[in-house]
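Quick note: residue numbers are just sequence positions, from 1. Note: hydrogens, waters and symmetry copies are ignored here, and every other heavy atom, side chains too, is used. These numbers were taken from a predicted model, which means no experiment stands behind them.
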Amino acid sequence: MWRYPVSSVLGKPKVLRGVFNTAQSVNTVKFRLHGTCSSVSGTKWIRPSGLDTGVKTFNSLTKQKEPLILAREGVATWYSCGPTVYDHAHLGHACSYVRFDILQRILSRLFGITVIHAMVITDIDDKIIKRSWEENVSPTIIARMYEDEFKRDMLSLKVIPPAVYLRVTENVHHIIAFIEGIIKNGHAYATKEGDVYFDIKSIGDRYGKFVGAADFQGEPGSSRKRDPRDFALWKESKPQEPYWESPWGRGRPGWHIECSTIASFVFGSQLDIHSGGIDLAFPHHENEIAQSEAYHQCRQWANYFLHSGHLHLKGSMEKMSKSLKNYITIKDFLQSYSADEFRMFCLLAKYRSAIDYSDGSMAKARTSLVTISTFIHDVQAYMKGQLQCSPVQEAFLWERLAEAKSSVVKALADDFDTPRAIDAVMNLVYHGNCQLRPVSTSDEESRSPTVFGAMISYIREVLDIFGIDLLHSREVDVVSSCGSLQGVVEQLTRFRSEVRAFALSRQNAPSKPGLYADRIPLLKACDTLRNELASLGVLIKDRGAISTWEMGKLSQRGQRVHDKDQETSS
């Protein structure tokens with residue numbers, strides 16, 4: 001049973017508030033919940049003062065796009081709700097965390113903003129307790145096991161870890177002091193049984209940032225509440241449940257209070273950005289706002305709330321969730337697809353929108369990556385002189401590159417519109433491919449490697465912003481399979497090219513024009529080798545007299561699909 005002594009660490013509420021206020025922004029607008037401010041609408045958003053980043057983002061507090069203004073120049077404080085660690089993380093979780101990871105990468109790597117990200121791990125909860133009873137182990141073991149798995153899953157998806165993870169169980173003393181502060185300010189009350197509830201009526205019209213307060217009938221709970229809408233800050237412990245000592249008796253924190261306390265512990269009374277899935281907006285985030293502003297006595301605790309859309313299995317209107325038993329674990333997913341493919345899947349839809357998961361949608365993401373990867377490989381072959389092309393319209397390509405750069409920045413500054421940014425990249429790839437048309441012979445003096453080099457450098461830069469590194473991933477896959485495999489394939493391809501060139505040589509005799517008949521079996525053998533290597537993930541491309549190769553992951557059927565322009569030797 002968890003029992004944490006708090007008498008030695010539980011300071012007076014005013015001491016804890018002093019700790020929080022050290023990080024408080026000078027731009028925070030103080031208010032009194034009663035008195036002169038009661039006539040001002042409590043749900044009206046206050047435009048922050050500070051640095052305008054040039055980015056506009058959809059703010060759930062206003063239900064429209066707003067300029068992203070930060071209290072401190074070049075720095076964004078960001079808090080996100082972490083997982084409740086009682087089971088495996090699934091793709092619904094992955095979708096939200098990957099999407100917000102992409103947004104943070106965009107802010108830091110494109111707009112030069114340092115993102116300070118804190119995340120709470122909910123390691124005490126009704127579901128964790130229930131699971132511990134089912135498994136006949138302590139809640140601590142359940143929580144740590146699934147917390148470690150969650151962190152491994154995030155790393156496997158290339159999600160950058162927050163600056164700090166904080167556990168609820170390690171901050172209960174802070175939570176107790178935070179609740180005491182809310183009670184002292186007149187916005188919570190304790191029952192004789194040992195529960196503490198937030199008093200929604202005490203804040204008047206300040207409740208209802210995301211939905212109208214009148215529409216909310218309250219959460220299921222005890223009849224001890226003064227108002228059905230009041231929610232628990234502290235819950236009396238039941239028999240055989242973990243508990244902590246508190247001024248109200250043995251108990252444990254309510255769900256919502258943990259985020260307010262821990263976010264305040266890290267960032268003080270002013271927060272730039274708060275993120276989470278759209279299902280958390282109400283009542284979780286609504287209650288976070290109410291109790292945080294009641295504690296800090298401020299008009300606006302968090303300036304921006306960003307919410308990601310649900311992940312649905314295609315054909316179902318229900319979100320992917322554990323309770324509905326319709327989820328796919330991250331570990332199982334990564335048996336069939338890569339982290340880069342999942343990132344592309346997320347990029348092809350706006351972060352705020354619901355997204356359908358299916359084999360078809362993943363195939364679209366995979367195809368997009370293959371198209372980009374193939375273009376980069378072809379450009380490299382062209383720059384090495386292995387791919388001969390007609391004269392390139394160089395000025396036209398420089399214009400398309402400048403156009404793509406402008407379009408990507410505009411798209412990402414407009415509420416992180418990744419689908420539009422990817423469209424700009426794919427359009428650049430399309431124009432580049434149109435110029436890379438192989439010919440048997442070409443004028444060596446008409447080559448334009450510089451513009452193509454600039455194009456693939458920029459494409460790789462954009463993909464890096466999104467957390468995708470196709471070339472590095474491919475090289476790692478090759479090296480991890482066998483340190484010398486790349487050299488073996490290189491030598492094999494060179495040998496095949498020499499055999500093929502010999503077989504393709506034509507007779508000069510007027511009576512017997514064309515190929516030597518006795519060499520045709522060599523051409524067929526070259527074709528067979530190419531096809532068999534493709535099934536192993538090695539794609540050889542015959543370009544006139546020269547052949548190039550690339551290594552990629554196998555499709556689900558273990559077959560590589562040949563490009564439509566693949567030349568047949570025979």
- Query: For the side chain of Thr374 and the backbone of Thr371, is there at least one donor-acceptor N/O pair under 3.5 Å apart?
  - Reply: no
- Item | Tyr382 side chain vs Ser448 backbone, donor-acceptor pair below 3.5 Å | yes
- Note on the structure: So CG of Leu68 and CG of Asp272: to nearest 0.5 Å the spacing works out to 7.5 Å
- With a 4.0 Å cut-off, would you call Lys541 and Glu550 a salt bridge? yes
- Any donor and acceptor pair, going by atom type alone, linking the side chain of Gln300 with main-chain N or O of Ile46 inside 3.5 Å? yes
- Query: For Asp356 and His312, what are the C-alpha separation, side-chain angles and deciding distance, and is it a side-chain contact (heavy atoms from CB on, under 4.5 Å)?
  - Reply: CA-CA 5 Å; Asp356 285 337; His312 300 273; 3.5 Å; yes
N/O donor to acceptor pairs below 3.5 angstrom from side-chain atoms of residues 418-431, sequence neighbours left out:
unit_1 : atom_1 : unit_2 : atom_2 : d
Thr418 : OG1    : Leu347 : O      : 2.8
Arg420 : NE     : Asp417 : OD2    : 3.2
Arg420 : NH2    : Asp414 : OD2    : 3.0

- Item | N-O pairing of Arg494 and Glu498 below 4.0 Å | no
- Message: Do Trp549 and Leu492 make a side-chain contact, defined as non-hydrogen atoms from C-beta onward lying under 4.5 Å apart?
- Response: no
- Message: Aromatic contact between Tyr304 and Trp78, with the criterion being ring centroids under 6.0 Å apart: yes or no?
- Response: no
- Which residue, Phe333, Tyr337, Tyr97, forms the ring-ring contact (aromatic ring centres under 6.0 Å, His included) with Phe342? Phe333
- Message: Can a donor-acceptor pair be found, under 3.5 Å and without considering hydrogens, that links the side chain of Ser373 to the backbone of Leu369?
- Response: no
- How long is the span from the CZ atom in Arg530 to the CG atom in Asp542, to the nearest 0.5 Å? 5.5 Å
- Task: Show your reasoning for whether side-chain contact (heavy atoms from CB on, under 4.5 Å) applies to Leu334 and Leu157.
- Result: CA-CA 9 Å; Leu334 290 174; Leu157 291 171; 4.1 Å; yes
- Task: Verify, without hydrogens or angle tests, whether Ser457 (side chain) and Ala454 (backbone) share a donor-acceptor contact under 3.5 angstrom.
- Result: no
- How long is the gap from CD1 on Ile262 to CE on Met119, to the nearest 0.5 Å? 12.0 Å
- Item | Trp45 vs Lys209, side-chain contact (heavy atoms from CB on, under 4.5 Å): CA-CA, chis, key distance, verdict | CA-CA 9 Å; Trp45 183 68; Lys209 304 281 187 179; over 6 Å; no
- Item | Distance (rounded to the nearest 0.5 Å) between Ile540 CD1 and Leu529 CG | 5.5 Å
- Hey, do the aromatic rings of His88 and Tyr146 have their centres closer than 6.0 Å? yes
- Message: Go through it in stages, so that I can follow the logic: the residues are Thr548 and Lys384, the test is side-chain contact (heavy atoms from CB on, under 4.5 Å), and I'd like the CA-CA distance, side-chain angles, deciding distance and then a yes or no.
- Response: CA-CA 11 Å; Thr548 61; Lys384 292 176 183 177; over 6 Å; no
- Message: Less than 4.5 Å apart, side chain to side chain, heavy atoms only: is that true for Met455 and Val379?
- Response: no
- Query: In Å, rounded to the nearest 0.5 Å, how long is the span from NE2 of His93 to SG of Cys95?
  - Reply: 11.5 Å
- Item | Residues, nucleotides or ligands: over 12 heavy atoms within 6.0 Å of Arg519 CZ | yes
- Item | Salt bridge present between Asp101 and Arg105 (N-O < 4.0 angstrom) | yes
- Flag if over 12 foreign heavy atoms under 6.0 Å of NZ, Lys56: no
- Task: State yes or no: are the ring centers of Tyr79 and Phe267 separated by less than 6.0 Å?
- Result: no
- Inspect the contact between Asp340 and Arg343 and indicate whether a charged nitrogen and a carboxylate oxygen are less than 4.0 angstrom apart. no
- Note on the structure: Taken to the nearest 0.5 Å, the spacing of Leu107 CG from Thr57 OG1 works out to 8.0 Å
- Test ring-ring contact (aromatic ring centres under 6.0 Å, His included) applied to Phe100 - qualifying residues, sequence neighbours left out: none
- Query: Counting N and O atoms only, with roles assigned by atom type, does the side chain of Ser368 sit under 3.5 Å from a partner on the main chain of Lys364, one being a donor and the other an acceptor?
  - Reply: yes
- Message: Does Phe495 have more than 12 heavy atoms from other residues, nucleotides or ligands lying within 6.0 Å of its CZ?
- Response: no
- Full working for side-chain hydrogen bond (donor to acceptor under 3.5 Å, both in side chains) between His117 and Ser80: CA-CA 8 Å; His117 179 205; Ser80 63; 2.6 Å; yes
- Query: Within a radius of less than 6.0 Å around CD of Glu73, do more than 12 heavy atoms belonging to other residues, nucleotides or ligands occur?
  - Reply: no
- Query: So which of Phe282, Phe210, Phe58 actually passes ring-ring contact (aromatic ring centres under 6.0 Å, His included) with His307?
  - Reply: Phe210
- Item | Min side-chain heavy-atom separation Leu110-Phe416 under 4.5 Å | no
- Between the side chain of Gln435 and the main-chain N/O of Gln393, is any donor-acceptor distance below 3.5 Å? yes
